[in-house]
Amino acid sequence: MSGCTTTITLNGKTFLLIGTAHVSRDSIEEVKKIITDEKPDIVCVELDQARYNSITQTDSWEKLDLAKVFKEGKGFLLIANLVLASFQRRLGNELGVKPGEEMKVAVETAKEMGIPYSLCDREVHTTLRRAWARCGLWSKSKLLASLLASAFSNEKLNEQEIEKLKNRSELDGMMNELAEYLPPVKAVLIDERDRYLASKIWTSMPLNVEQSTQKKIAAVVGAGHMQGMISHLEKIASGEKNTDVSELDTIPPSGILSKAAGFIIPAAIIALIAIGFIGKGADVGLEMILRWIIWNGSLAALGSLIALAHPLAILVSLLGAPIATLNPFIGVGIFSGLVQITFCKPRVSDVQNITQDAVSIKGVYKNRITKALLVFFLSSLGGMIGNFISFPAIAGLLGS
């Protein structure tokens, strides 16, 4: 077989592993040809239900309830998901190929031939939340910087460079770079999903086919998962590993330090101000409150201003940041984001063009959905920076 395709037989099951590049025209043609020629008993694809819906349903973004996203604290997850989708969309636009088209073609070909198919990937929000939970503060900062850099990068890739990404030598280099730069992210995005995909693919055979003599499974996955999946399939076949991956579908609980962090900052600020009133008098105490509100609120408002938010969203950022700081369960971005979408309601065109607009700074500011997300993000970032700056600013008054 051509391209990045491997056939292995384990315990009476033949696996046709088709490694693809997600914006490759050659991958689309290869996937359709292999499924048509080989006629497998089942076709597995590296998709979860949400991503399958997004590439097959034109109205998937129309069902987005942005207010609900903000209220449930999923703003950062939506931003990460949109940035990743937009990065692939930009590459696809350059090459004339829709991201994930080879997965869609695999399912469509299976349907045409009457072959069952299975969506074998982990739910994307679970993957993103596990990756975020595994990162410390420094890794989270690097991850956000990488996401934003990839979203607005002007780097161009041609079809030859895309096809090279399916070669193992190229992939090894990329995986090594990712492991060195962000080990926790690589562990979740690549290593965990290698195991998850291998387990779901192994158990995907329908019951009525399981009893037959022919057990041929075609799996369409990103080329970066090929080697890891093969290793896990071999371990499952030998009995070294089982197929239970339920723990990979859970979000790790926050550690004691992480849980306490949300209360430490407000408690420390309140304690400092109380010490100021008791030890230095009302004038110093009031000055500490004023400095805290100015630093915290003004930087959150500055974030909203940079996002060109609605004036009321800027005002809410200014007044809401100090309140949000005292409550570890809410963030100022929730307030500013809700106000932004209330007074600048998304239009039909914003929904239709969201992934296209998200690939450029101009588009982000023009689209009311991405602009609301930008208001949410920058006001949250400003409030966070304000917390760190205001603490030494008010503490310094105690020594004066």
Separation between CD1 (Ile306) and CD1 (Ile314), nearest 0.5 Å, reads 10.5 Å
Tell me, with the steps shown, if Arg193 and Asp121 meet salt bridge (charged side-chain N to carboxylate O under 4.0 Å, His left out). CA-CA 7 Å; Arg193 287 175 61 226; Asp121 203 359; 2.7 Å; yes
Short N-O contact, Asp41 and Lys215, less than 4.0 angstrom: no
Exercise. Report yes or no: do Ser199 and Thr243 form a side-chain donor-acceptor pair below 3.5 Å?
Key: no
Requested in this report: For Asp194 and His232, run side chain to side chain donor-acceptor pair (under 3.5 Å): C-alpha distance rounded to whole Å, both residues' side-chain angles, the deciding distance at 0.1 Å, then the answer.
Outcome: CA-CA 7 Å; Asp194 287 348; His232 284 293; 5.5 Å; no
- Under the salt bridge (charged side-chain N to carboxylate O under 4.0 Å, His left out) rule, what do Glu247 and Arg195 come out as? Steps first, then yes or no, please. CA-CA 12 Å; Glu247 79 276 10; Arg195 180 187 165 198; 2.7 Å; yes
d(Leu16 CG, Cys44 SG) to nearest 0.5 Å is 10.5 Å
If you measure only the distance, is there a donor-acceptor pair under 3.5 Å linking the side chains of Ser304 and Ser317? yes
Checklist entry - Counting N and O atoms only, with roles assigned by atom type, does the side chain of Arg291 sit under 3.5 Å from a partner on the main chain of Ile394, one being a donor and the other an acceptor? => result no
Exactly one of Lys39, Glu38, Lys32 clears side-chain contact (heavy atoms from CB on, under 4.5 Å) with Thr36, and that residue is Lys32
Parallel, tilted or perpendicular: rings of Tyr117 and Tyr52 (30°, 60°): tilted
Residues Arg122, Asp249: salt bridge by 4.0 Å N-O rule
no
Practice problem: Please step through ring-ring contact (aromatic ring centres under 6.0 Å, His included) for the pair Phe391 and Trp295, ending with a clear verdict. | Solution: CA-CA 9 Å; Phe391 191 82; Trp295 277 113; over 10 Å; no
**Prompt:** Would you say the side-chain atoms of Arg51 pair up with the backbone N or O of Val124, donor to acceptor, closer than 3.5 Å?
**Reply:** no
| request: Taking the side chain as every heavy atom from C-beta outward, state whether Leu233 and Leu17 have any atom pair closer than 4.5 Å. | output: yes
So Glu101 and Lys104, do their side chains get closer than 4.5 Å, heavy atoms only? yes
Item to complete: Cation-pi check, Lys200 to Tyr196: give yes when NZ or CZ is under 6.0 Å from the six-membered ring centre and within 45° of the ring axis, no otherwise.
Response: yes
Item to check | Check: Gln49 side chain, Leu119 main-chain N or O, donor-acceptor pair, under 3.5 Å | outcome: no
